[in-house]
2 protein chains.
Amino acid sequence: MKKGKATIHDIAEKLNITASTVSRALNDNPRISENTKKQVIKMAKQLNYQPNHIASALRSGKSKLIGVLVPTANRNFFSSVVRGIEEIANELDYKVIISQSYEDFEKEVQTVDALLNARVDGIIASIGKNTDSFDHFKKVLDKGIPLILFDRITNELDVSQVVIDDYLGAYEVTKHLIDQGCKRIVHFTSPKKINIYRERLRGYEDALRDAQIPLDSDLIEESNMQLEDGRTSMENILRKGVSFDAVFSSSDYAVMGAMQVLREHKISVPDQVKLAGFGNEPFTSFTAPPITTVDQKSIPMGRVTAETFFELLKSENKKKATHKTVLKPELIIRESSLNKS
Amino acid sequence: MKKGKATIHDIAEKLNITASTVSRALNDNPRISENTKKQVIKMAKQLNYQPNHIASALRSGKSKLIGVLVPTANRNFFSSVVRGIEEIANELDYKVIISQSYEDFEKEVQTVDALLNARVDGIIASIGKNTDSFDHFKKVLDKGIPLILFDRITNELDVSQVVIDDYLGAYEVTKHLIDQGCKRIVHFTSPKKINIYRERLRGYEDALRDAQIPLDSDLIEESNMQLEDGRTSMENILRKGVSFDAVFSSSDYAVMGAMQVLREHKISVPDQVKLAGFGNEPFTSFTAPPITTVDQKSIPMGRVTAETFFELLKSENKKKATHKTVLKPELIIRESSLNKS
DNA sequence: TGTATTAAGGCAATCGATTGCATATATAAA
DNA sequence: TTTATATATGCAATCGATTGCCTTAATACA
């Protein structure tokens with residue numbers, strides 16, 4: 001009793017049938033009669049039977065585990081996506097192993113390896129900023145393990161992916177700033193060649209172009225996009241003495257840094273300089289003034305990602321067609337970018 | 001080759017020895033000669049052998065997985081602790097399954113069950129706010145699975161635990177406010193009977209008492225401590241018209257809400273009202289003004305928790321003595337609680 | 001020289017569930 | 001009645017690694 005041991009053999013014995021039958025009954029195999037199934041299920045309950053997933057995994061080769069790899073769980077966006085994935089996975093009786101690469105390439109490679117070793121049935125990943133080689137992911141594909149990417153993706157891998165339309169988000173937020181009368185818009189971006197920053201930069205540029213505002217490379221600041229980097233970038237701009245009337249940062253953290261520096265320099269937001277970020281991190285809503293940003297639709301992204309993933313998992317070796325889903329971001333306009341009315 | 005299949009049998013075959021020997025060699029068993037070990041290791045590398053943890057787990061009963069259960073990974077404190085745990089676990093060749101209860105009791109119960117089903121070798125948990133029954137954890141203990149708690153703990157379970165000195169943190173921050181001249185200090189706390197809020201309340205009360213300042217229940221606001229709740233609490237206080245010159249909130253989020261409301265009411269922080277929170281969430285450092293708070297020493301807590309856990313894991317059924325580690329918190333004084341000098 | 005130890009491996013069972021193939025009734029078609 | 005066809009279940013191998021016990025050979029001790 002206490003031992004929490006009951007196996008299918010125990011059930012079989014009590015019922016005077018074999019373990020095979022029990023196994024099939026439990027898995028709702030059509031070859032077993034309804035009556036037997038009922039008895040088995042009843043006895044299982046009675047003995048407080050808990051299936052041993054390990055044994056099942058060994059034999060069937062399916063661990064019912066899926067690995068989710070994110071740069072960091074400590075970001076609203078990622079943790080929300082993870083939550084969406086978890087919800088769907090749990091419904092389907094899959095367990096999720098969350099692991100973090102901490103934006104570190106080495107760690108990312110190791111982690112993928114670790115997931116493989118843990119025999120996950122598939123991997124859902126968002127790649128790190130510093131990742132520029134994809135052999136670790138190719139290894140996953142070579143092993144025939146389902147892989148899909150979300151948000152931070154790459155074209156070097158032939159896999160399905162789910163992203164938001166970063167280009168559109170950036171275009172809209174830039175256009176919004178222009179509509180507010182801004183003409184000299186600073187842009188914070190990353191030197192890393194990952195898709196999201198590239199697309200946002202493109203959106204920024206096109207919005208300017210469409211408004212006939214000349215691009216000025218002096219207004220582009222590259223950095224790692226953390227809060228401190230945002231501070232540095234802002235200081236650089238001030239030091240250079242270029243004129244500007246807005247900042248659109250590809251990261252909420254960096255724009256927060258910029259806001260601090262502006263405040264220290266007694267430059268008023270939004271009166272003198274308008275600000276906009278990207279990501280809709282919760283803190284953007286409770287700064288003074290609240291910061292305009294772009295919501296990345298983390299919840300839908302989590303769900304869509306999970307759905308796409310499980311479709312792939314079901315189809316197994318069948319369908320090969322990879323698929324890219326693009327979700328629409330949402331512009332969240334707040335005080336930091338608005339003219340006083 | 002491509003199949004990524006190599007097992008210990010393959011290695012054995014190539015070397016003309018048995019799988020037992022290979023297994024022992026790989027596990028550095030003293031019964032195997034150094035020479036054989038070398039050969040085995042070399043061949044393993046050559047065949048690109050990857051141990052099948054599932055098989056190993058089934059036979060040995062050790063999955064090398066540990067479950068970490070937190071209310072939410074989306075909080076700096078928890079994600080930092082998790083990171084500390086991960087680091088140590090990985091060093092010891094354990095994999096960590098992070099799971100979240102989302103402060104939901106049902107979900108917490110299910111999740112513990114899921115971890116058990118995944119055959120984790122042990123569980124490290126921080127309990128949800130709404131948890132008031134602990135049968136799910138007792139089940140873990142009954143199964144003889146190592147369990148330890150951190151931060152959000154309970155005395156109803158005889159397990160080792162790691163916490164910070166919430167009492168001391170609250171005492172110090174309250175004393176700090178008193179030292180700044182405050183005499184009417186509002187306190188935000190939770191109606192939930194979990195240890196952290198109880199202790200913080202106690203620290204607050206004792207600090208007042210020691211300074212001969214009368215306690216006033218009108219100054220205590222109970223809520224769920226999210227940002228919105230902080231807003232509501234602050235508005236309640238203002239509506240009640242009680243006089244106050246400071247707010248000490250047991251949560252950074254709630255104090256943020258309070259700050260917003262004060263701003264909306266044109267009440268100046270820190271001139272008219274001083275503010276302090278608890279938790280040292282990153283955003284407290286970049287609000288205007290930055291908010292005084294108490295750092296919970298998440299990194300050390302993660303490491304200590306992991307160390308305590310693995311000691312327990314090693315000692316197995318031996319040592320039973322549970323142990324409570326109390327870390328010192330750190331008062332982080334920022335502008336929100338300081339008089340202009 | 002004979003017996004006790006130690007060292008180095010081998011053998012085979014085992015962990016618990018799954019599954020291809022075989023078997024035994026029962027029902028249906030001829 | 002006989003032969004095909006389901007239907008329901010049993011048998012036994014299997015997944016890959018681990019481990020208790022046994023065997024052999026070599027070294028040590030009397």
Side-chain angles (χ1 to χ4, degrees), chain A residues 3-41 43-44 47-65 93 116-121 143-144 316, chain B residues 3-41 43-44 47-65 93 116-121 143-144 316:
Chain A
K3 286 285 164 187
K5 285 285 178 198
T7 72
I8 52 171
H9 293 95
D10 300 324
I11 298 177
E13 199 173 318
K14 294 265 183 190
L15 259 32
N16 243 327
I17 54 179
T18 61
S20 328
T21 305
V22 175
S23 172
R24 292 191 173 107
L26 258 16
N27 288 308
D28 203 30
N29 186 310
R31 282 198 294 171
I32 304 299
S33 71
E34 284 309 316
N35 184 35
T36 306
K37 280 182 191 170
K38 263 183 199 127
Q39 284 187 272
V40 167
I41 289 169
M43 182 58 69
L47 298 180
N48 188 28
Y49 167 74
Q50 297 295 129
N52 186 326
H53 288 151
I54 303 268
S56 151
L58 175 58
R59 177 63 229 251
S60 68
K62 265 83 194 62
S63 66
K64 290 281 198 171
L65 287 176
D93 214 31
L116 253 21
N117 272 345
R119 269 14 191 216
V120 294
D121 287 345
K143 294 204 174 199
E316 280 288 354
Chain B
K3 286 284 164 189
K5 284 286 179 201
T7 73
I8 52 171
H9 293 97
D10 300 325
I11 299 178
E13 199 173 320
K14 293 266 183 188
L15 258 32
N16 243 327
I17 54 182
T18 62
S20 329
T21 305
V22 174
S23 172
R24 293 191 171 106
L26 258 16
N27 288 307
D28 204 29
N29 185 308
R31 283 198 293 173
I32 304 299
S33 71
E34 285 309 317
N35 185 35
T36 306
K37 281 181 190 169
K38 266 186 197 122
Q39 284 186 271
V40 167
I41 289 169
M43 183 56 70
L47 297 181
N48 187 29
Y49 167 74
Q50 298 294 130
N52 185 327
H53 289 152
I54 302 268
S56 155
L58 176 57
R59 177 63 228 250
S60 67
K62 266 84 194 61
S63 66
K64 290 282 198 169
L65 287 177
D93 214 31
L116 253 21
N117 271 345
R119 259 39 182 199
V120 294
D121 287 346
K143 294 205 174 197
E316 281 288 352

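Each chain gets a letter, A, B and so on, in the order its sequence line appears, and its residues count up from 1. On a predicted model such as this, the values are computed, not experimentally measured, just so you know.
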Taking the side chain as everything from C-beta on, heavy atoms only, tell me whether [X] gets closer than 4.5 Å to [Y].
| X | Y | result |
| --- | --- | --- |
| B/Leu26 | B/Val22 | yes |
| A/Gln50 | B/Asn117 | yes |
| B/Ile32 | B/Asn27 | no |

### Message
Going 5' to 3' along DNA chain D, between which two nucleotides do contacts with chain B fall, using a heavy-atom cut-off of 4.0 Å?
### Response
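In short, chain B contacts DNA chain D from D/dG16 to D/dC21.
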### Message
Side chains of B/Thr18 and B/Thr21: any donor to acceptor distance under 3.5 Å?
### Response
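Short answer, yes.
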### Query
In chain order, what residues pass the salt bridge (charged side-chain N to carboxylate O under 4.0 Å, His left out) check against A/Asp28, with sequence neighbours excluded?
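With sequence neighbours excluded, A/Asp28 shows a salt bridge (charged side-chain N to carboxylate O under 4.0 Å, His left out) to A/Lys37, given in chain and number order.
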### Task
Send over the distance from B/Ile8 CD1 to C/dC11 C1', rounded to a whole Å.
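From B/Ile8 CD1 to C/dC11 C1': 13 Å.
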### Query
When the distance from NE2 of B/His9 to P of C/dG10 is rounded to whole Å, what number comes out?
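Taking NE2 of B/His9 and P of C/dG10, I get 12 Å after rounding.
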#### Entry: Distance, nearest 0.5 Å, that separates OG of A/Ser20 from CG of A/Asn29
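These two atoms lie 11.0 Å from each other.
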### Query
B/Ile54 near the nucleic acid: base, sugar-phosphate alone, or nothing, with a heavy-atom cut-off under 4.0 Å?
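The answer is nothing, as B/Ile54 stays clear of every strand by at least 4.0 Å.
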### Query
For A/Lys14, does the NZ atom have more than 12 heavy-atom neighbours from other residues, nucleotides or ligands under 6.0 Å away?
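No, because the 6.0 Å sphere around NZ of A/Lys14 holds 12 heavy atoms or fewer from other groups.
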### Query
Under the side chain to side chain contact (heavy atoms under 4.5 Å, CB included) criterion, do B/Arg31 and B/Arg24 qualify, and how do the steps go?
CA-CA 8 Å; B/Arg31 283 198 293 173; B/Arg24 293 191 171 106; 2.7 Å; yes
### Task
Strictly below 4.0 Å, heavy-atom distances to any atom of DNA chain C: list the hits from residues 20-34 of chain A, or just say none.
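Residues of residues 20-34 of chain A under 4.0 Å from DNA chain C: A/Ser20, A/Ser23, A/Arg24, A/Asn27, A/Arg31.
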